[in-house]
Amino acid sequence: MLYPQHNPYRQVHQLATYWQIQFDPDGQGLDAGWTKGLPQGRPVAVPASWNDQFENSRDFLGPAWYQVQFDRPWGWDRQAIYLRFGSVNYLADVWLNGVHLGSHEGGHLPFEFLVSEQVEQAGNLLIVRVDGDLASDRVPPGNITGGEIDFFAHHDGIYPQTQFDFFPYCGLHRPVVLYASTPGGIRDITVKTEIDGSTGIVDIRVEHGLSDAEIHYALNGQSLPIVDGSRLIVENASFWSPESPSLYDLTVDLTRDGEVLDRYTLPVGIRTIHVEGSTLLLNNEAIHLKGFGRHEDFPIVGRGLPPAAVIRDFEIMKGLGANSFRTTHYPYSEEMMFLADRLGFLVIDETPAVGLFFRESGLERRTTLVQQYTRELIARDKNHPSVIMWCLANEPHSLRPAAKPIFQELYTLAKSLDDSRPVSIVSFTGVPEDSFDFLDVVCVNRYHGWYFEQGRIADGVDAMEQGIEAVYKRYQKPVVLTEFGADALAGWHADPPEMFSEEYQAEMIKGYIERLADKPYVAGTHVWCLCDFKTSQSTGRAASLNTKGVFTRDRKPKLAAHTLRALWKGGGEQ
Ligand code: BDP
């Protein structure tokens, strides 16, 4: 799925910054005819979560109705017009001028409708009903009752009752745009790259609906012939890597009789990613991931897209010497993924499948949703050089026998959609995690010295090391420690270190990283997490925050940030 872009053949029109919203706690909107206009809307900012914008909406999870009006941009009368949503959490139903266009389930992934027939010249009315309620047959799940959960007893009774550790923000979280392109024009482009010595090979597939059209390719403005039906050959190529994130502009022109009908320009990074034995190789050289898990979580904006804060997060990661992150626990914004390409980050790209459990009730529905998310994520992110691995789930409660065949099928699906990247899941068990028998990389989260061996960093580091060694011994694949960390209340100090102090967090993170540094099969360590973030209320989360950030929620460094900079960048370097 292509990201909308502006050029002489395509136009993007951003809808208003302030829409109208009306909450519908009694679920009466449909019967009361709100699809034709909201009786008592009030202004709301888009994109943003609704929860922190109003006095009375923090814990309200829907349904809520959004409304906006727009006119058709000039010159669009003969164009194919699409209405595209970057992310709506969780369930969206969309009406345009009273016509139900369709619905989409699942946050964090884009969806669009062809609306050329419905769009009038002026006064178009767009209505979106958003339902973010938590349910056991949704993904991620929540409000689970009756002993359905195998693990995470502390998640029982938290409020809101999520089966995951972040606040279930709701709303229109990413840009909503109209875009226009040539009817039958370019619908999709898939690029895969290979390396042969100093030559780069770019394999391209273009989907379009104009059977009599020709396709022309240019790289950085230079026209290139296609070889073997689908390949561009780039002599003396600059390969993409974190140290040198070289991108080429690939321009695809759809032409007829020499006239350009449609154009799309895609940034392409030429690089390879492979697993060989227990090593992860980028451009045929071993790589080591240094980085973080993180949340799209900001005061007031909630899980909405704040462009400046995204830049800030890259800045603080770079400043520490990080080269990688995992999109915990859902796909990050498309805007952030393009920046990752440009700034040279290695991304483990995760679907919104967090908190999965494998008891029967709702299992079929959850499984179908996770398959849908896998398809949608790969369709969205397949062309990013920064994406080095697909992660199909975080910490599934997978000890039940049903889990393995479900992941086997999911793995096969992911590989059939993209055979060019490793595929994994992130496990909190590791041994046994039956699915690691077939997954390409072993990704595990470890909290020794925090949830286990509490208050004892040295014992925790020992236990972590034993666990990692056991995982490697069992599966003989590259191992990524995808989460480890400790809560630290900014400004709270203790010597000797005590839990929740900045010293404890810093020392534990240092202990983990140093202990794993000389294990060649450890392909990376991701600290949990970059910044403090909002979560459900419970005794385990002071101020409703998970404070395992090495930065505060407003991006101020804790001691651990300085420790990481010294570890990753070396002593004096800033
Ligand atoms: C891990 C989860 C992560 C939590 C973290 C924690 O993957 O989402 O926030 O624990 O407890 O198990 O801080």
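Remember, predicted model here, so these are calculated numbers, not experimental data.
- Put simply, the side chain of Trp65 reaches to within 4.5 Å of the side chain of Trp95, judged on heavy atoms.
- For Asp137, the salt bridge (Lys or Arg N to Asp or Glu O under 4.0 Å) test picks out no residue, with sequence neighbours left out.
- In this structure, Tyr504 contributes its side chain and Gly455 its backbone to a donor-acceptor pair below 3.5 Å.
- Taking the six-membered ring wherever Trp is involved, the centroid distance between the rings of Phe166 and Tyr330 falls below 6.0 Å.
- In this structure Asp93 satisfies the salt bridge (Lys or Arg N to Asp or Glu O under 4.0 Å) test with no other residue, sequence neighbours excluded.
- No side-chain N or O of Thr547 forms a donor-acceptor pair with one of Asp532 less than 3.5 Å apart.
- A donor-acceptor pair is defined here as one N or O able to donate and one able to accept, closer than 3.5 Å; no such pair exists between the side chain of His448 and the backbone of Arg456.
- No cation-pi contact links Arg342 to Phe314, judged by a cut-off of 6.0 Å to the six-membered ring centre and 45° from its axis.
- Among Leu410, Val139, Leu392, the single residue meeting the side-chain contact (heavy atoms from CB on, under 4.5 Å) criterion with Tyr373 is Val139.
- In Lys318, the NZ atom is crowded: over 12 heavy atoms of neighbouring residues, nucleotides or ligands sit closer than 6.0 Å.
- In this structure, Arg366 is positioned above the aromatic face of Phe357, its NZ or CZ under 6.0 Å from the six-membered ring centre and within 45° of the axis.
- Of the possible donor and acceptor atoms, one in the side chain of Trp50 sits under 3.5 Å from a partner among the backbone N and O of Phe60.
- The main-chain N or O of Ala488 is found under 3.5 Å from a side-chain atom of Lys558 such that the two form a donor-acceptor pair.
- Without hydrogens or angle criteria, Arg174 side chain to His108 main chain gives a donor-acceptor distance under 3.5 Å.
- A salt bridge links Arg541 with Asp165: at least one charged nitrogen is closer than 4.0 Å to a carboxylate oxygen.
- Paired with Phe292 under the rule ring-ring contact (aromatic ring centres under 6.0 Å, His included), one option of Phe325, Trp528, Trp568, Phe345 passes, and it is Trp568.
- Within a 6.0 Å sphere centred on CZ of Phe54, other residues, nucleotides and ligands contribute more than 12 heavy atoms.
- When the options Glu334, Glu335, Arg380 are evaluated for a side chain to side chain donor-acceptor pair (under 3.5 Å) with Tyr3, the one that passes is Glu335.
- At a threshold of 4.0 Å, the pair Arg326-Glu350 counts as salt-bridged, since one of the basic side-chain nitrogens sits closer than that to a carboxylate oxygen.
- Ring-plane geometry between Trp19 and Tyr66 is classed as perpendicular, the angle between the planes exceeding 60 degrees on a 0 to 90 degree scale with a lower cut at 30.
- Side-chain rings of His6 and Tyr179 stay apart, their centers remaining 6.0 Å or farther from each other.
- In this structure a side-chain-to-backbone donor-acceptor pair under 3.5 Å is present from Ser49 to Arg303.
- Between the side chains of Ser324 and His526, at least one donor-acceptor pair of N or O atoms lies under 3.5 Å.
- A distance of 11.5 Å separates CG in Asp381 from CE in Met1, rounded to the nearest 0.5 Å.
- Arg365 CZ: more than 12 foreign heavy atoms inside a 6.0 Å radius.
- In plain terms, the two heavy atoms of Asn89 and Val130 that are nearest each other are O-CG1, 3.2 Å.
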